[in-house]
Amino acid sequence: MTSTELPRHLRKPLRDLLDAGGRVARDGSDVLIDGPTGLADAVRAHAGQLAQYVVPAVRADEAAFVRSLLTDAGASVATITSPSEARRVVTEICASNPDVVGLDFETEVLPAYRQPITIKFTKGGSLAARQPRDGAAGAALDPYRSKVRLVQAWAGGEHCFVFDMRMVAWADIAPLFDMPLAIFNAVFEVKRLIHEAHIEPTGRVYDVMTAVWLTNGCRPSLAEAGRINYGFDIPKALGASDWSAEALTPEQLDYAALDAVLCRLLWDTQQNEVFDDIDKQCQEVADAAIPAVARMELHGMPVDVAAHRVQIAHWHTELEAAQNALRTASPLRDLRKAAALQAHLYDVLDAETLSTWPRTNSGLLTTRRQQMAINNHLPALAELLRVRALQKLINSFGDSLIDAINPVTERLHTSFLIAGARTGRFAAREKNLQQMPKRRQAGFRKIFAAPEGQLVMALDYSQIELRAVAELISDWIGTDSILRRSFAAGLDVHTATAKSMMGKNRLEDVTDDERQLAKPCNFGLIYRMGNTTFYHYLRADFVSDITFEKACELRARFFACYPDMARWQNEYARHTREQGYTQTVAGRRWRWEWRAQNPEDVDEDEPFYDDTISGFNGAYAVNHPVQGSSAEVMQIALTRLDRALRGERAQIIATVHDEAVLLVPDDPASVERIGAIAQQEMIAAFLEVFPAAPTLNLVEPKVGPTWGDLQSLQKWLQNSGTAGGTPGATSEL
DNA sequence: CATGAGCGCGCC
DNA sequence: AAAGGGCGCGCTCATG
Ligand SMILES: Nc1ccn([C@H]2C[C@H](O)[C@@H](COP(=O)(O)OP(=O)(O)OP(=O)(O)O)O2)c(=O)n1
Ligand SMILES: [Mg+2]
Ligand SMILES: [Mg+2]
C-alpha cells in the first residue's frame, strides 16, 4: 500500500497550506479547508477536485461490479424506509423460516460527537496511505458515540433488505433477531443490538470471521474473504464513507447490502463445504460466547486516573535516576541504542562468551533481558536493564493507556477476539488488558478500581494447564495420571516444582514469588524446553548461581517425577506427526500444513528436513491441545457466567486466558452469593471439557477494591463482618 | 519522509 | 539455542 499522488497543481498549494499549519478535513461529503486565508483560498480553488481524493467514493466501474455481484447472488437491494414496510418484510422473512440470515450494520456518529475528520497527507503533499482510524474517525466504531444507520439482512431470497434506521424502529424489525444469524465479526453487531436496541439474539449466531480462522488459519477482512472464496474484487472505499448523509447514494446502499449477502454466502460455504462435524462443534463453543463478550466489552474496565497519574510520575522519577546511573556506568556510549550496546558487548565479553552469545535472526548479538541478566556482572548491564524496564512501563502503560479511555463511559473498552489465537485463546487489543503489569510491577493493577459501591471480583483457575494435561495424559494412557492424582489430593504442583528448583526442604518455605517463577519451569518442561534454554531461564530469573549440570539434573528429575507425561509427550507428538494436525478436546486443529515450508526453499541436507517441509513441531503438538482445551474451558466459563449472573448486579469486565474479572455490589450478601455462583459455573465449565477431572481447589473467588488488591472471598467476608466496610479501601487514600 | 520487518517485552 | 507455547504493542532501523 502506498500513498496516493495528487495532481501537481494541487500538491503545491496543499503543501504550502500544511506547512503553514493549515488542515484539510472531511465532514460527510464536504471538504473543509482551513489555515491562513491566502493559502487556504489557493487550495479551495481546487476543492472539487480535492474532494475526489479525500471523500470515499467508488468509481463507476466499481459500482457496476458491486451491482453485478448482487445480481449474480440473486439479491436485489430493497431499501426499507417505513415502519409498516419494515414489519411486513420482517414477517415475511421469518415466515420463510430461513436457515440463516446474513446480517451487517453500518453506523453513523451521533450528532453530539460528530466532527470533521482530518485528512492525513505526507510531507510531499500526497494522500497518506493509512488514514487514522482512531480519534474522530474511530467514533463510528464506538457504540457509545455512534448509532446504527443501516441494518442489512439477506435471508437468501430475491431481496437483500436494507433498513434505514432513521425511519425504522428496532421494534419494527425485532423478530429478525430471533432467526439464525450469520455475521462477520459478530461481537460488533451484537454489542449494538444489546446497547442500542436492548435486543439479544435468541437464535444461533454464527461468526463467519472466526470460522475462516478455524479452518484456514488466516483472518481476512470480509472483502478479502470474498476474494479468497469467490474471487470477488470488492472496492473498500465506501467502508469509511459518510453513513450520516440525509440521503444515501445507491452505490452506498449496494455496498452495504453486499456485506450481508457475503455473510450468508460465506456461511453457506463454511457449513456445507468446508466444515466437518468437529469444526462445527468448535465453532459452536466459540459462538456461544458472543453475547457474553459483547456485554463484557460494553461494560469496560474502570480506571482510577488519579492513581495512574501518580504511578506514571513515579516511573519518570525513577527513570531519571536510572538514566543517570547508566550514564555514569557508560559515559561514552548510549547503551539504549542496540548498535551501541552490541559494540559495548564486543568490548566487554571474552572470546568464549562472545562465541556462544545468542544471535538474533539477522545474526546480530541479542540484547534481550534474559541474556543480559545472566551477565549482569559486566559493566553497565544492570543499569541498562533498569532503564529499559522503566521505559517499557512508561511507553506501554503510561499516557497511551489514558488515551484509550472512552470519553463517554470513562472506561477502557478493550476488544476481545473470541478464539483470536490459533489455540482458541482470546486475543485482546486496543489497550490489551491481558498484558497489564503484574508481578514485576506489584500494585500497578490497583489503578483498575471498582466504582463507589462496587468491588472487583476475580476468579483464576488454579494451575489450569497442569490440570488440563493431567486429563489428556490420563486419557492417553487409560489410567489416572500422576498429575491427576496430585490434584485429587489437593497438591500444588507449581509450589512443588519451586521447592525442587530452590532445593528447599518444605513446601511451606516456598514464597509466592518463587511459585510464580516455577510456572515457566513447569510449562517449559511440559512443552519441550531443552536443557540449554532451561538452564538459561533458571540462571536469569530463578537460581542465579546454578550450573549447567545441575540444571540438567533438575530437568531430568522433573521427568522422573512424571514419567507418564514424558511418555505422553513422545507418543502423542509422534501421533500428530502422522495425523497431520494436533487438536483440542472440542476439535480445534493446528494443521502442520499451515506452517509447512516450500521444499524448494529448504536445503535437503538440513537436519530434520522432513519436519521442516511438513511443518510438524513437537512443542506445538503437545502445547496446542493443552492450551487450546483450556481456552475452551474459558469460552464456556464466560458463556455460563454471563447466563448465570443475569439476575445479579454483576458485570464481567475482562478475561485473561484463565481468569474472569467482574464488578459486583459491595455488600457481603451479594459478594457471597455471586462468588458462589461464579465458582460453580467455572467448575462446571471445566467439567464440560474434562468430565473426569478432580475439582478440589480448582477455582476460588477473590475480592477487593481494585484488580491489584484482592483477597480470597472467605477472608474478605470475615474482615467485612468485623470492619463493616471494604477492607483495603482506607489504605487507598 | 512513510512504511514494514525485526526485536524486545508486557502478560497468560 | 532441533526447539516451551499463545498473544499485542512500541520502538528502531533499513528500505524505497
Ligand atoms: N509462562 C507461562 C505462563 C502461563 N502459561 C499458561 C499455563 C497456565 O496454566 C496458564 C494460566 O496462567 P496462570 O498464571 O493463571 O497460571 P496457572 O493457572 O498455571 O497457576 P495459578 O494457580 O497461579 O493460577 O497460562 C504458560 O504456558 N506459560
Ligand atoms: Mg491460573
Ligand atoms: Mg491466570
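Chain A is the first sequence line, chain B the second, and so forth, proteins listed ahead of strands; every chain is numbered from 1. Everything numeric here is computed off the predicted structure, so don't read it as measured data.
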Can you tell me how far P of dG8(C) sits from CZ of Phe397(A), to the nearest Å? 14 Å

The side chain of Asn395(A) lies closest to which of these nucleotides: dG10(C), dG8(B), dC7(C)? dG10(C)

Take atom CG of Asp512(A) as the centre, draw a 6.0 Å sphere, and report whether it contains more than 12 heavy atoms from other residues, nucleotides or ligands. no

Glu318(A)/Arg386(A) salt bridge by N-O under 4.0 Å criterion: yes

Can you tell me how far C1' of dG6(C) sits from CG of Asn617(A), to the nearest Å? 13 Å

Is the Phe523(A) to His494(A) ring centre distance short of 6.0 Å? yes

So, are Arg467(A) and Glu471(A) salt-bridged, with charged N and O less than 4.0 Å apart? no

Between dG6(C), dG8(C), dG4(C), which nucleotide gets closest to the side-chain atoms of Lys392(A)? dG8(C)

Compute the bend angle of the helix from dC1(B)-dG16(C) to dC12(B)-dG5(C) from the end axes (five pairs per end), rounded to 10°. 10°

Gln635(A) side-chain N/O to Gly424(A) backbone N/O, donor-acceptor pair under 3.5 Å: yes

Whole angstrom value for the distance that separates P of dG4(C) from CZ of Phe616(A): 15 Å

Quick check for you: among dC7(C), dG8(B), dC9(C), whose closest atom lies nearest to any side-chain atom of Thr367(A)? dG8(B)

For nucleotides dG4(C) and dG8(C), find the distance between their P atoms and express it as a whole number of Å. 22 Å

May I ask you to say whether Asp611(A) pairs ionically with Arg577(A), meaning some side-chain N is under 4.0 Å from a carboxylate O? yes

Whole-Å distance separating the NE2 atom of His657(A) from the P atom of dG10(B): 15 Å

